Amino acid sequence: MATIKPFYCIRPTAELAHRVAALPYDVYNRSEAKAVVAKDPLSFLNIDRAETQFPDDVDTYADCVYAKAAELLNTRIGDGTFVTDTTTNYYIYELTMDGRTQTGIVACASIDDYMNNVIKKHENTRADKEEDRIRHVDTCNAQTGPIFLAYRRNETIYSVVAKTKKNAPLYDFTSEDGITHRVFVISDPADVTAVSNAFGSIDSIYIADGHHRAASAVKVGLKRRLENPGFDGTEEFNFFLSVLFPEDELKILPYNRVVKDLNGLTADAFLARIAKEFTVEELGKDAFQPEKKGTFGMYLDGIWYRLTANDTLQQITDPVESLDVSLLQDYLLAPVLGIGDPRTDKRIDFIGGIRGLGELERRVAEDMTVAFSMYPTSIQELFAVSDAGRLMPPKSTWFEPKLRSGLFIHKLS
């Protein structure tokens with residue numbers, strides 16, 4: 001069963017929260033991050049991406065970069081930008097985007113639950129990306145970006161959340177991208193106990209987004225255990241910062257694909273090849289977003305098409321092989337376009353659904369040849385893959401809205 005505990009939160013003052021809150025560190029390249037931090041020295045991106053404080057010839061992963069992150073964090077704690085709560089609390093983090101609200105519990109999850117697969121994964125991680133956040137967390141002695149977790153709806157947690165949201169929020173602001181963020185504190189001892197016990201009755205929690213942050217946090221915790229052989233398991237380094245959402249409030253957007261060329265085929269030969277596994281319908285100039293599983297949009301030579309997987313493909317029941325991203329990869333991208341490993345092949349790129357179908361048309365006009373719009377993976381499919389102990393193909397899910405960094409900080413000691 002899951003151990004999800006309240007914690008002593010370091011957080012921005014209510015007056016400064018809207019300036020501190022920042023999108024996750026990995027949604028920006030270096031130049032984009034520099035442009036963001038230039039607008040506001042209080043943006044948490046200054047700490048999350050401390051290379052922005054140095055000239056471009058300083059390596060992103062230099063020791064001085066991580067030292068600067070720790071220095072900036074301690075400066076903001078010292079100057080009152082951040083305050084430290086004096087009691088261990090759970091927090092409610094509510095995000096509203098396009099009229100849809102999702103409400104999560106901010107807490108700390110157990111690294112043992114991660115290692116014992118109570119907290120389940122659906123993606124592989126890369127050692128180089130882990131190493132960056134391992135050094136950031138270890139040097140700052142803090143976790144600054146929460147892991148996005150999902151759980152099956154629990155009525156006790158739902159009731160505590162509904163009750164607490166009747167109180168005045170700790171934070172209430174709308175970010176530049178139009179997303180409204182509200183935060184409440186669950187501080188009543190009875191409610192804290194109820195939430196803790198409710199999570200303790202849940203046997204599976206799922207990483208929705210943030211696999212690299214989770215893996216890095218766990219590895220820092222294991223490092224600290226080696227450095228503190230007398231640890232008893234209650235130390236803060238045994239836990240990692242998370243926001244946990246009920247699955248019925250989450251929305252997954254499609255993760256679309258664009259490919260550089262037709263693998264030496266003419267357009268007519270390409271269309272003939274894919275017709276062996278997909279019904280191909282020409283739609284014209286209007287962009288097509290699939291409305292059901294097993295269908296795909298395709299943009300080629302200024303024309304949109306609907307591709308529908310044949311009956312044999314749609315009868316696949318394996319939790320991974322039946323995913324739309326798998327059908328496209330296994331029966332079109334690999335055999336027809338020669339994209340054998342989408343993780344490493346430079347001929348393919350991935351476009352988050354938040355960017356819209358116009359971005360696919362733009363990329364085809366600029367540097368690609370063919371684009372595919374996807375029907376989004378469902379949260380139930382994500383759970384099924386994780387429960388089976390399997391992994392999804394790369395770039396299977398795109399969650400919106402993104403959790404902000406800097407609103408909640410968890411110190412490791």
Side-chain angles (χ1 to χ4, degrees), residues 122-124 252-353 355-378 381 385 390-398:
H122 67 265
E123 285 184 7
N124 275 322
I252 303 178
L253 297 185
Y255 220 142
N256 299 317
R257 276 85 166 124
V258 288
V259 179
K260 189 81 172 175
D261 56 62
L262 296 183
N263 197 29
L265 298 171
T266 64
D268 287 343
F270 170 67
L271 290 170
R273 284 283 303 274
I274 64 177
K276 296 177 181 180
E277 303 288 0
F278 301 86
T279 300
V280 181
E281 301 170 74
E282 183 174 328
L283 301 178
K285 298 291 186 180
D286 293 337
F288 174 66
Q289 175 60 54
E291 297 178 347
K292 64 179 181 178
K293 182 173 168 55
T295 59
F296 309 82
M298 184 175 74
Y299 184 65
L300 174 68
D301 289 340
I303 300 296
W304 280 92
Y305 298 81
R306 178 194 289 113
L307 310 183
T308 303
N310 65 30
D311 290 344
T312 300
L313 301 189
Q314 300 218 37
Q315 291 170 8
I316 295 172
T317 58
D318 180 90
V320 175
E321 294 175 9
S322 63
L323 297 171
D324 275 10
V325 289
S326 296
L327 296 181
L328 187 73
Q329 175 61 37
D330 296 342
Y331 296 94
L332 195 158
L333 297 179
V336 181
L337 293 181
I339 306 292
D341 186 351
R343 290 182 179 85
T344 58
D345 198 311
K346 302 300 184 186
R347 295 168 53 232
I348 189 169
D349 200 1
F350 304 89
I351 311 294
R355 294 180 176 267
L357 300 183
E359 179 67 8
L360 301 185
E361 294 180 344
R362 187 191 70 80
R363 288 296 301 274
V364 168
E366 183 178 284
D367 64 338
M368 294 290 178
T369 296
V370 62
F372 301 93
S373 59
M374 309 292 295
Y375 185 72
T377 303
S378 72
E381 288 177 317
V385 171
R390 306 279 294 282
L391 299 174
M392 286 187 172
K395 312 297 186 184
S396 293
T397 57
W398 182 282

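Computed from a predicted model, the values in this text were never measured in an experiment.
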With a 3.5 Å distance limit and no angle check, can you tell me whether [X] reaches the backbone of [Y] through a side-chain donor-acceptor pair?
| X | Y | value |
| --- | --- | --- |
| T295 | P290 | no |
| S322 | D318 | yes |
| R257 | V325 | no |
| D261 | T369 | no |
| Q289 | M374 | yes |
| D324 | G294 | yes |
| E277 | T312 | no |
| N256 | G353 | no |
| R363 | I351 | no |

Within this structure, what is the [atom1]-[atom2] distance for the pair [X] and [Y], rounded to the nearest 0.5 Å?
| X | Y | atom1 | atom2 | value |
| --- | --- | --- | --- | --- |
| R362 | M368 | CZ | CE | 10.0 Å |
| K260 | L262 | NZ | CG | 12.5 Å |
| L283 | Y305 | CG | OH | 9.5 Å |
| Q315 | L313 | CD | CG | 9.5 Å |

How far apart are the closest heavy atoms of [X] and [Y], and which atoms are they?
| X | Y | value |
| --- | --- | --- |
| L323 | P319 | CG-O, 3.4 Å |
| F288 | S373 | O-OG, 2.7 Å |
| L300 | F270 | CD2-CD2, 3.9 Å |
| S326 | E321 | CB-O, 3.7 Å |
| P393 | V320 | CD-CG1, 4.3 Å |
| V280 | A275 | CG2-CA, 4.2 Å |

Who are the salt bridge (Lys or Arg N to Asp or Glu O under 4.0 Å) partners of D268, not counting sequence neighbours? none
Can you name the salt bridge (Lys or Arg N to Asp or Glu O under 4.0 Å) partners of E381, sequence neighbours left out? K293
Note, [X] side chain near [Y] side chain (heavy atom, < 4.5 Å):
| X | Y | value |
| --- | --- | --- |
| Y331 | F278 | yes |
| V336 | L265 | yes |
| I303 | K285 | yes |
| E359 | V258 | no |
| L332 | L307 | yes |
| L360 | Y299 | no |
| V259 | F372 | yes |

Residue E366 excluded, over 12 heavy atoms near CD under 6.0 Å: yes
So does R390 have more than 12 non-hydrogen atoms from other groups sitting under 6.0 Å from CZ? yes
Worked verdict on W304 versus D286 for side-chain contact (heavy atoms from CB on, under 4.5 Å): CA-CA 7 Å; W304 280 92; D286 293 337; over 6 Å; no
Start with the C-alpha distance between I316 and L327, add both sets of side-chain angles, then the distance that settles side-chain contact (heavy atoms from CB on, under 4.5 Å), and finish with yes or no. CA-CA 9 Å; I316 295 172; L327 296 181; 3.9 Å; yes
Per the salt bridge (charged side-chain N to carboxylate O under 4.0 Å, His left out) rule, what does the pair list look like for residues 300-316, sequence neighbours excluded? E281-R306
Apply side-chain contact (heavy atoms from CB on, under 4.5 Å) to residues V385 and T377 and explain how you reach the verdict. CA-CA 11 Å; V385 171; T377 303; over 6 Å; no
